Amino acid sequence: MTVRHQVPGLAYQYVRGSDFYASAQSDIADSLRVDLRLGVRAGTVTAVLGGVRVETSAGMLLARQVIDTRPRAAAAMLYQSFVGLELERDCPLPFAPGEVTLMGYVLCMPCR
């Protein structure tokens, strides 16, 4: 028996981190307006007349704009919200092959 539950207008979306990162790097490489510095540690970021000064492990950089991606302390870095069903089973997770697929990933382990 197959049971499928769908919420109209909503679908689970999944983008692998490696695919997103490769796409973003490709877009940046094609841009004439963005300079990506990999392997350079950013230090102090200071607003200066006409732009931003960034002290880095490779020296000082001046730019009109900077995207500061350094992590900051926060209660939660990411938030996800799901619509779905709560499933119960006689033995612990993960589900057996063919029983159910959750979010497109299946772990195959039989119940003991």
Side-chain angles (χ1 to χ4, degrees):
M1 174 177 86
T2 299
V3 176
R4 177 175 261 171
H5 178 76
Q6 294 180 324
V7 177
L10 297 178
Y12 178 74
Q13 300 293 315
Y14 173 76
V15 177
R16 290 185 330 166
S18 59
D19 293 337
F20 174 80
Y21 191 70
S23 176
Q25 280 193 313
S26 176
D27 290 346
I28 291 168
D30 292 342
S31 173
L32 299 176
R33 299 177 56 155
V34 177
D35 184 16
L36 177 64
R37 304 283 176 108
L38 296 174
V40 176
R41 172 167 274 185
T44 306
V45 178
T46 308
V48 296
L49 186 62
V52 181
R53 181 180 66 225
V54 182
E55 300 294 336
T56 77
S57 59
M60 182 188 62
L61 298 172
L62 293 172
R64 282 188 289 143
Q65 297 177 334
V66 170
I67 299 172
D68 188 351
T69 62
R70 296 174 297 171
R72 63 177 191 257
M77 294 295 288
L78 298 174
Y79 173 77
Q80 290 183 318
S81 179
F82 295 96
V83 174
L85 300 174
E86 188 172 314
L87 304 173
E88 292 184 13
R89 173 181 163 135
D90 293 335
C91 63
L93 294 175
F95 293 93
E99 191 169 359
V100 70
T101 300
L102 297 174
M103 295 171 35
Y105 184 73
V106 178
L107 290 174
C108 299
M109 291 180 67
C111 295
R112 296 179 183 185

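Every value quoted in this text rests on a predicted model; they were computed, and no experiment measured them.
- At a threshold of 4.5 Å between non-hydrogen side-chain atoms, the residues Val52 and Thr46 do not count as touching.
- The two residues Ala42 and Val54 make their nearest non-hydrogen contact at CB-CG1, 4.3 Å.
- What you find for Ser57 and Gly39 is that their closest heavy atoms are OG-O, 4.5 Å.
- Side-chain contact check for Leu61 versus Glu55: every heavy-atom pair is 4.5 Å or farther apart.
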Practice item. Before giving the answer on side-chain contact (heavy atoms from CB on, under 4.5 Å), spell out for Leu38 and Leu36 the whole-Å C-alpha distance, their side-chain angles and the decisive distance to 0.1 Å. Key: CA-CA 6 Å; Leu38 296 174; Leu36 177 64; 3.9 Å; yes
Taking distance alone, no hydrogens or angles, what donor-acceptor pairs closer than 3.5 Å link side-chain atoms of residues 17-27 to residues at least two apart or in another chain?
residue: Asp19; atom: OD1; partner: Arg16; partner atom: NH2; Å: 2.9
residue: Asp19; atom: OD2; partner: Arg16; partner atom: NE; Å: 3.0

